[in-house]
Amino acid sequence: MASAEEANGNGSAPTPEDRRLLELSQRYAEEADKRRREDGLAQFERLQESGSARLRALAQDPWADHAALNARRAVPDGATHKFVILGAGYGGLLFAVRLLAAGVARGPDDILLVDAAGGFGGTWYWNRYPGLRCDIESYSYMPLLEETGYMPASKYATGAELRAHADRIAARWRLQDRALFRANATAARWDDAAQRWTVDVTEGRGPEGQSRALKLHARYLLLAPGIITSPHVPRIPGLASFAGPLFHTARWDYAVTGGSETAAVLPGLEGKRVGVLGTGATTIQVVPRLASSAKELYVFQRTPSAVSWRGHRATDPEEWRTKIASKPGWQRERMLNLDLFLTNAAKEGQENMVADGWTEMPAYSAIIGSPSHGIIEPTPDKIAAHVARLYKLDLAHTEAVRARTESIVQNPETAAKLKAWYPTWCKRPCFSDEYLQAFNLPNVHLVDTDGRGVEAATERGLVVAGQEYPLDVLVLSTGYVTPRIGDGSPAARTGIGIHGRHGTSLDDKWQRQGASTLHGVCSHGFPNLFFAPMGQSSQAANNILTLEVASEHVVHCIRVAEARAGAGAVVEVTSAAEEAWALEIAKHAAWFAGVAGCTPGYITSEGEGWTQPTDQREMMKQARGANLSGGMESYIKVLQEYWAEGSLKGMDVTPATAGMDGRNLRFPTSEEH
Ligand SMILES: Cc1cc2nc3c(=O)[nH]c(=O)nc-3n(C[C@H](O)[C@H](O)[C@H](O)COP(=O)(O)OP(=O)(O)OC[C@H]3O[C@@H](n4cnc5c(N)ncnc54)[C@H](O)[C@@H]3O)c2cc1C
């Protein structure tokens, strides 16, 4: 925004609000500039691939029960499965449950879930840090609550409860023995003659065991690799030389801290100087626990999170029975109700079922879309007016969050440094009634780096602005590799090479032409491959809503294909259909222009993903990777119309000519494997 006239989006004389908006947009730009770096995403390294053996080791699984897993019946090398699902988190489980419900999987034996983890749960398997809870309320977030009849203990479930729920789902649908754990998938290749996928997998057997390489064959390959799975760390010079214990929050080291996920105090930190690096959504949950345990806690901040109120409480069984879970279909209705508020689509008088901080930020629609607006034309003036509208929509909320910070944090200097100077949609919004309060404790110290980040690490601690902060323990709360790596290719997101017909690489396809899918879930040249979507679809703030809708769609496609062409049908989107969908999506891209001014971080791929390309081809590539500007409601509408039409329009469906073993058309049972 160059002027106060522009701030009001209509060119009329500026009001005090317009002036404030102008001030804010200038401040936001200044703050973003401080954080922009030439090296973009390269300022981080994936823990698993670190050049330092010490940092690499931090990615290892601390939780797997190797003795129990080694005692399980081995999954045979070279066996063929009807469905292989990569990822055994909520996404993978939802795929499995929907396949079973639709009858395309005749039973659990038709399915094999594969995960690098030692158990079900994905995010909730890996993350066990103290204070961990879902940030979307559990009644909307925990999948399949109606089907399992489970009542969450509280409005925001703990990590342990979320993990137990994944086990509950696996048990309810008899999937416990249909998972290959500790198994890293490294490549997948379509075999046109055998009409099946071959997935290369390395199965770990624990520190004493010899890992095992095996090939899994699958008629259908489904990817549910998650959106933030792979922990990364900033390339801070000397990080690995820190002499004390250090670990990433995604692999919490209770041997160092003592205590547990739910304990209020971590006895191992008594008398210790603890540093926590990073101030994203995880840190907001962790800091209160560290503050009550450490002698001194240093919180190293590059960009503050915007922290709203939480209002956490135990579930009232009466309210649950009579209000929340009172009728069939309540959970989807609740998810969509939350989505209405987040997409700025709630009408006057609309009941607010969730009624938490999420429902107070309609400007979050900047990154998830809104059904209340049409398509934004991609002209500079229309885009500027749209962004100005979003800033205006965001104003009351961001000002309230900054005022809240000021009212809670007693030291005005600290309060000023904890204020977020970017629009709500630029960083995962946070909610806590304990985080900001922790900075009033005498043992908690904010080390603000004014956007520059930590300069170096030494044997003794971290260095900021030339000053060394001595530490005994260092907690790396530094986040995850963005799912937008590799231009958002599902293969890059899964960390594997995927080769379809004629050996075509999925990553190469994305790099060459940008996202190319129908409805975000399948791509031409990659028959019988389906994936949880990232682009060309819709991403709700509640990731489970996205995963539910996508799994229903994928299973619909397989069910209709099999009804038409028999079991094991080969289904593949046509090139024309995916191009038409990509062009449709590109029309929606201008909606997301508000992200361009964001402070670098996860959402902007550290500023790389949203720079304005000057080259036409690059611009088109970027536009194709967008989502529907109408948000989840419009995605569901598109899918429902597609389902009602019933013919799998834009998909080629052919009967299987080769069977599961590549020779006949019979699917073997698990006993025969
Ligand atoms: C700390 C934290 C808190 C979160 N809180 C929320 C929240 O409150 N609300 C919300 O909507 N979202 C939240 N998220 C996002 C969360 O990841 C999703 O909500 C959800 O759990 C995704 O489920 P998923 O099954 O798709 O992916 P994940 O849970 O990430 O599971 C993916 C699994 O795939 C496996 N995998 C990936 N690649 C391979 C491979 N090549 N070989 C073998 N295995 C592989 C991984 O090991 C992992 O276990 C949070 C994320 C984190 C990290």
Side-chain angles (χ1 to χ4, degrees), residues 48 59 61 63-64 84-96 113-129 131-138 140-143 155-159 162-163 165-166 169 179-188 199-204 216 221-231 248-252 261 280-286 335 338-339 342 356 358 368 428-431 477 479-481 483 490-498 531-534 539-548 550-551 602:
Q48 252 171 330
D61 181 353
W63 321 118
V84 165
I85 302 174
L86 281 188
Y90 284 155
L93 285 167
L94 277 167
F95 271 139
L113 291 127
V114 176
D115 204 303
F120 292 103
T123 292
W124 311 107
Y125 172 89
W126 293 111
N127 282 275
R128 303 191 187 195
Y129 59 79
L132 172 61
R133 290 183 186 273
C134 50
D135 65 8
I136 296 285
E137 67 143 25
S138 39
S140 304
Y141 180 75
M142 291 173 81
K155 193 157 166 79
Y156 305 95
T158 62
L162 293 160
R163 191 167 65 254
H165 189 58
I169 294 169
L180 176 63
F181 291 129
R182 304 174 297 174
N184 239 311
T186 52
V199 185
D200 293 338
V201 164
T202 307
E203 184 192 11
L216 305 169
L221 177 60
L222 275 58
L223 308 181
I227 45 171
I228 37 179
T229 311
S230 194
H248 194 282
T249 50
R251 311 281 189 272
W252 194 267
E261 285 166 82
T282 292
T283 297
I284 304 314
Q285 296 187 331
V286 148
M335 289 179 179
L338 171 61
D339 196 59
L342 277 158
D356 69 1
W358 278 109
I368 59 174
R428 182 88 176 167
C430 295
F431 309 88
S477 187
Y480 300 85
V481 174
R493 194 154 33 106
T494 315
I496 66 176
I498 297 181
F531 33 85
M534 257 303 296
Q539 295 292 316
N542 175 4
N543 196 231
I544 297 306
L545 177 57
T546 309
L547 293 170
E548 276 208 356
S551 61
Y602 165 77

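We count ligands from 1, going down the list as the structure has it; atoms in each ligand are counted the same way.
Closest to atom 7 (C) of ligand 1 by heavy atom, among V114, V286, D135, L113, is D135. In the candidate list A185, A188, P231, A185 is nearest to atom 42 (N) of ligand 1, counting heavy atoms. Between the choices L223, T123, I85, the shortest heavy-atom distance to atom 17 (O) of ligand 1 belongs to T123.
Distances from ligand 1 to the non-hydrogen atoms of W126 include at least one value under 4.0 Å. Using a 4.0 Å cutoff on heavy atoms, R428 counts as a contact of ligand 1. Assignment of A183 to the shell around ligand 1 is supported, since a heavy atom sits closer than 4.0 Å. Remark: distances from the non-hydrogen atoms of A540 to ligand 1 are all 4.0 Å or more. The shortest separation from a heavy atom of A224 to ligand 1 is under 4.0 Å, placing the residue in contact. Residue contact annotation: L86 has no non-hydrogen atom under 4.0 Å from ligand 1.
Counting atoms of ligand 1 from 1 in the listed order, those under 4.0 Å from a heavy atom of C134 are 8 (O).
Between Y90 and ligand 1, an N or O atom pair is found at a separation short of 3.5 Å. Where the criterion is an N or O separation shorter than 3.5 Å, residue side chain and backbone included, N127 fails it with respect to ligand 1. Any N or O atom pair closer than 3.5 Å counts here, and L547 shares no such pair with ligand 1. Backbone and side-chain nitrogen or oxygen atoms of Y141 are examined, and one is located within less than 3.5 angstrom of a nitrogen or oxygen of ligand 1.
Side-chain atoms of D61 and Y125 form a donor-acceptor pair, as typed in the model, at a separation below 3.5 Å. Side-chain contact check for Y156 and D356: at least one donor-acceptor pair (N or O, by modelled atom type) lies under 3.5 Å.
Qualifying side-chain contact (heavy atoms from CB on, under 4.5 Å) partners for A492, counting only residues two or more places apart in sequence or in other chains: I485, S489, D507. With sequence neighbours left out, the side-chain contact (heavy atoms from CB on, under 4.5 Å) criterion links S551 to L94, F95, R98.
Between E137 and K155 there is a salt bridge, since a side-chain N of the basic residue sits under 4.0 Å from a carboxylate O of the acidic one.
In this structure, atom 14 (N) of ligand 1 is not in close contact with the protein, since no protein heavy atom lies within 4.0 Å of it.
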